[in-house]
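Worksheet: the structure to be examined is printed underneath.
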Amino acid sequence: MTQGIIQDKVSAALTGALLSAREKGLLNLESLPPVHLEAPKRPEWGDVSCTVAMSLSASERKAPFEIAQIILDHIEHRDSLFARAEIVRPGFLNLTVQPGLWKEVLHQIEAQGEQYGHSQLGRGRRVLVEYVSANPTGPLHVGHGRGAAVGQALVGLLRATGHDVASEYYINDAGRQMKLLGASVLARYRESCGQTVSFPDDGYQGEYIRAVAERVKAERGAALLSLPVEDAERQSREFAYRELLALIRQDLERFGISFESWFSEASLLSSGAVEQVLAELKTKELLFDQDGAQWFRSSAFGDEKDRVVRKQEGEYTYLASDIAYHRDKLRRGFDLLVDVWGADHHGYIPRMQAVVQAYGHPKERLRVVLVQMVNLLRGGRKVEMSKRAGEFITLREVMDEVGADAAKFFFLMRDSSTHLDFDLELAKQQSQENPVYYVQYAHARIASLLRVAASRGIECPRPSRATLELLEDPDELALIRKLSAFPVVMEASAGELEPHRMAYYLRELAGMVHPFYNKHRILPPAPDSEPSAAILPDSAPTPNRGTDTIPPGLTGARLALMWAVQQVVRNGLNVLGVSAPEQM
RNA sequence: GCGCCCGUAGCUCAGUCGGAUAGAGCAUCAGCCUUCUAAGCUGAGGGUCGCUGGUUCGAUUCCAGCCGGGCGCACCA
């Protein structure tokens, strides 16, 4: 784990100080505490602060202030590392790093480029991220969109932190829902052929079902009418399944999402995998018969009760194939399974973790990321949706209206486990109210800056070629400090499986870029826009940012800084699956 | 009734090893474009961090109990 390249140095120096104080017998330190640094809220508290002295106070039986003083006294090369080091009130150690050291951050960004922020934290651990997995019974809706955005971001984050990641879509192409789909399409088909039929009770009501039925008719004419009902229903089902799955694939592709693999539930049943897995559980004595049904003893692993895997009528439940599915995932050798589910499935977690444990793995091997509902708004007013009545806003409609990037970023802005208000009007607005454009604009703006510089023949040096010592303004140093936090955010965001942290970071970074751009001149004024000094009266007001002159060295240093900022914004948007435009 | 999630500014939300005077965006109000992209910037107001106890040097953060909201508690998926 890194705390940032400079913070790591500081942390090491403080640890070193603790060790040498222990050698001298000034501190006991039975175990060496981790030296955790934090970014102070107020500038006068320095660049980094450390609370280790306070947390040691109890075990060392010394006043925090005294411990802090001991640490301070034992830092090697203190003056070359810190411009200021002071102890505040209870025992805060407030440190200001020598300004020159921060330039290492820019060198690191230059050296690592697209890899900046990436790490080997995952040590090649194999992870399978399963997401979307919507039933192929209709088009994807906004909720699926959020799951898709979250899943894709998780894949990106885990890859960036050194995991060996695969992504998969589980197709629920078996069972009751599929049967209903077939029956629904067949009913519409018959209607279309002029028959009066009663529509299945829980059938799929959406308009798209009629559309599928129309295509069946276009392809097969009235042929299905003369078939036995089961055959007609099966053919309708298979037809609809193909059509709807293709639709889902198209929508995902348009959303910029692809999967390494698509896993069919039906294949688990036809291959005998489900039977096999139940037989395995039987030998483990985790399966038993009761009331004519077959049960999985999930309560043995902390689930609140046992669960039926085969109904009285002999049919398998959804859980049965899900056990087989997760058994299959484990058998494929993944070290970690990440499932992205709708939050309404949260009650399902204990039983799936029971499955994992039944196969001898710690339950942590399965981590479930819950994605809460999306409230769709339009201009602040709720858009009513009813899946039952088949009325819902599809992901496609949202993409048509606001674009894939905006939709994704909105989905990722908040903790996935909380309800999300998604205002279509807001997401569509290309204005300051829209966080997507705010971040993308930071990237595009720098791109523009670099373009203008190039067109004027101004050199845009990389950090290694720039005079970075000239970057000493607090705003410049603050920006660099923010850049140094990027790898930390990446690791935390990936480790907690919380993409919104990265989205927030990018919002914050952009929130520093725009003010900086406005406040500080980077390029010299354009030759043709420079007002002639001769015609300005002596009483002319102080030149504003536009006409300020700037030393060539500082232009170079600031361009190098901006280049690094742009790299970080791009890397961040990249892991989230959002584009980083060169111009807007 | 039991379980999980959530209660932080008018609104939507950040804040995970417990730290200093609790943050951001939007909305509101007042300003900034002959200039490197105004899809931007500057400033102002706005809070009993649901409530009550506990743990301790210190709690929005951890624990317990309440109150309020969401979801789940199927031989549906």
Side-chain angles (χ1 to χ4, degrees), chain A residues 34 36 38 40-42 45 49 51 54-55 57-58 63-64 88-92 94 135 137 172 175-177 180 202 265 291-295 304-305 307-319 321-322 342-350 370 372-373 380 413-415 417-421 423 426 429-438 440-442 444-453 456 458 492 495-496 498 500-501 503-504 507-508 511 513-526 528-531 544-548 555 558-559 562 583-584:
Chain A
H36 184 73
E38 46 195 78
K41 293 178 210 157
R42 303 170 71 83
W45 293 337
S49 71
T51 59
M54 288 181 283
S55 52
S57 163
V88 177
R89 272 188 271 169
F92 290 100
N94 290 345
N135 290 352
T137 54
N172 298 122
R176 191 180 123 81
Q177 303 303 320
L180 269 174
D202 298 319
E265 178 187 4
D291 306 329
Q294 202 164 38
W295 301 67
E304 59 186 14
K305 61 183 206 178
R307 309 291 175 175
V308 170
V309 289
R310 195 161 74 189
K311 310 176 201 174
Q312 284 177 338
E313 313 89 77
E315 265 180 44
Y316 291 112
T317 62
Y318 177 81
L319 177 61
S321 38
D322 229 356
D344 53 341
H345 289 60
H346 66 77
Y348 208 76
I349 296 174
L370 295 176
Q372 260 294 3
M373 247 175 56
M413 274 296 286
R414 307 234 147 69
D415 184 338
S417 70
T418 67
H419 287 266
L420 172 69
D421 283 337
D423 195 315
L426 177 61
Q429 272 175 45
Q430 305 195 350
S431 76
Q432 53 193 328
E433 302 160 41
N434 192 334
V436 190
Y437 293 103
Y438 190 81
Q440 288 184 319
Y441 184 40
R445 214 173 202 183
I446 294 172
S448 166
L449 187 64
L450 298 175
R451 273 196 305 272
V452 171
R456 288 206 214 146
I458 296 167
E496 303 292 331
E498 290 181 349
H500 75 279
R501 293 177 180 235
Y504 257 83
R507 181 68 182 70
E508 286 167 0
V513 172
H514 294 304
F516 185 90
Y517 178 91
N518 248 264
K519 183 172 170 189
H520 300 282
R521 191 73 209 175
I522 295 167
L523 302 180
D528 55 343
S529 70
E530 191 171 12
N544 64 21
R545 66 180 176 88
T547 52
D548 273 343
T555 285
R558 285 184 175 166
L559 282 171
M562 287 299 113
Q583 51 183 307
M584 293 172 69

Under a 3.5 Å threshold, yes or no: a donor from one side chain and an acceptor from the other, between A/R445 and A/H514? yes

Base of B/C5 paired with side chain of A/H346 (donor-acceptor, under 3.5 Å): no

Please tell me which of the listed nucleotides, B/C36, B/C13, B/G19, lies nearest to the side chain of A/Y517? B/C36

May I ask you to test the A/V308-A/Q294 pair for a side-chain heavy-atom distance under 4.5 Å? no

Salt-bridge criterion met for A/R176 and A/D202 (N-O under 4.0 Å): yes

Does B/C51 fall in syn (glycosidic angle within 90° of 0) or anti? anti

Looking at B/U21, does its base get a donor-acceptor pair with the side chain of A/R42 below 3.5 Å? yes

Nearest-neighbour nucleotide for the A/H36 side chain, B/C17, B/G15, B/C71 considered: B/C17

Would you measure the distance from the P atom in B/G53 across to the matching atom in B/G15 and give it in whole Å? 28 Å

So for A/D202 and B/A77, does any side-chain atom that can act as donor or acceptor lie under 3.5 Å from a complementary atom in the base? no

Kindly say whether A/L370 contributes a backbone atom to a donor-acceptor pair with the side chain of A/S417 at under 3.5 angstrom? no

Is a donor on one side and an acceptor on the other found under 3.5 Å between the side chain of A/R456 and the backbone of A/P524? yes

Side chain of A/T317, base of B/A74: donor and acceptor closer than 3.5 Å? no

Phosphate contact (B/A38 OP1 or OP2) by A/R445 side-chain N/O below 4.0 Å: yes

Shortest side-chain distance from A/A293, nucleotide among B/C75, B/C13, B/G19: B/C75

Taking side chain as C-beta onward, heavy atoms only, is A/Y437 less than 4.5 Å from A/Q440? yes

Mind checking if A/D322 touches a base, just sugar-phosphate, or nothing, with heavy atoms under 4.0 Å? nothing

What orientation do A/H500 and A/Y504 show, parallel under 30°, tilted 30 to 60°, or perpendicular over 60°? perpendicular

Using the aromatic ring of A/F92 (for Trp, its six-membered ring), decide whether it stacks on the base of B/A20 within the limits of 5.5 Å and 30°. yes

Any base atoms under 4.0 Å from A/R414, or only sugar-phosphate, or nothing? Heavy atoms, all strands. base

Using a heavy-atom cut-off of 4.0 Å across all strands, would you classify A/Q440 as base, sugar-phosphate, or nothing? nothing

For RNA chain B, which ranges pair as stems of 3 or more consecutive Watson-Crick or G-U pairs, with both donor-acceptor distances under 3.5 Å? B:1-5 with B:69-73, B:10-13 with B:23-26, B:28-32 with B:40-44, B:50-54 with B:62-66

Flag as yes if A/W45 stacks onto the base of B/A20 (centroids under 5.5 Å, planes under 30°), otherwise no. yes

P atoms of B/A59 and B/C11, separation to the nearest Å: 27 Å

Which part of the nucleic acid, if any, lies within contact of A/Q312, taking any heavy atom under 4.0 Å across all strands shown: a base, the sugar-phosphate backbone alone, or nothing? base

Closest to the A/H500 side chain, choosing from B/C17, B/G70, B/A14: B/A14

Ignoring backbone atoms, test whether A/Y437 places a side-chain nitrogen or oxygen under 4.0 Å from the OP1 or OP2 oxygen of B/G25. no

Looking just at side-chain N and O atoms, do A/E265 and A/S321 make a donor-acceptor pair shorter than 3.5 Å? yes

